Amino acid sequence: MRLILLGPPGVGKGTQAKILVEQLGIPQLSTGDILRSAIANKTPLGVQAKAIVDRGDLVSDEIVNGIVSERIDQPDCSRGFILDGFPRTIPQADALGAMLEQKGMRLDAVVEITADTDTLVSRVAKRAQETGGARADDTAEVIRKRLDVYRELTEPLVSYYRGKGLLKTVDGMSPVEEVTAAIRRALGA
Ligand code: AMP
């Protein structure tokens, strides 16, 4: 199964992806995790991306498209994957469509997870507290910025994928297990 988890920061994409990895036996591809690991390891990509990620902006489509294309070619993705945090712009979605077509693959579904803004802000604040501020972009100021970026650049993907008949929407305000169950119902998986 090839799946996209779509939704604003703090909605639970990463949490749900990790559970679905266990339940469906396919890997999670998180562009945010890949970028954070590159930043921590001070690779050329990490050095280039750090300031952008820390202030809550998006790194270039070219960079993330390359990351995803390479990752999808790994053998563990042959049975499917869960994209978490990609695509985040219409050009990224177009690039994903082209790369999948080129690889002879197609998407099965796009699951949009929703929650109200206050909940998102307080979940990210909680994550910052629990992780001792491990993520430089989990501050109150940067989370507002990331939400603005989401509304402006990523939310248009909802109608993009609805138009392709792939969109399923799940309420992310419920407890974690209920959200997982709703996602699996929506997928028929
Ligand atoms: P995330 O862990 O998905 O919240 O991503 C953290 C940060 O990594 C984002 O705020 C962006 O700076 C960067 N990032 C992750 N995925 C993408 C993407 N698909 N396009 C551009 N930037 C991304």
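Indexing begins at 1, ligand by ligand and atom by atom, following the structure's order. One-based numbering along the sequence shown. Note that the structure is predicted; figures quoted are calculated from it, not measured.
Sorted by chain and number, the residues within 4.0 Å of ligand 1 by heavy atom are Thr31, Gly32, Leu35, Arg36, Val53, Asp57, Leu58, Val59, Val64, Gly85, Phe86, Arg88, Gln92, Arg135, Asp137, Arg146.
In terms of modelled atom types and a separation under 3.5 Å, the side chain of Arg123 and the main chain of Val11 share a donor-acceptor contact.
The neighbour count for Arg151 CZ, taken as heavy atoms of other residues, nucleotides or ligands under 6.0 Å away, is above 12.
The pair Asp108-Arg106 meets the salt-bridge criterion, with a side-chain N (NZ, NE, NH1 or NH2) lying under 4.0 Å from an Asp/Glu carboxylate O.
Between the side chains of Arg127 and Thr15, no donor-acceptor pair is found at a separation under 3.5 Å. Inspection of the Ser69 and Lys103 side chains reveals an N or O donor paired with an N or O acceptor under 3.5 Å.
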Please tabulate, for side-chain N and O atoms in residues 163-173, each donor-acceptor pair with protein atoms closer than 3.5 Å (sequence neighbours left out).
residue: Thr169; atom: OG1; partner: Glu112; partner atom: OE1; Å: 2.8
residue: Asp171; atom: OD1; partner: Met173; partner atom: N; Å: 2.9

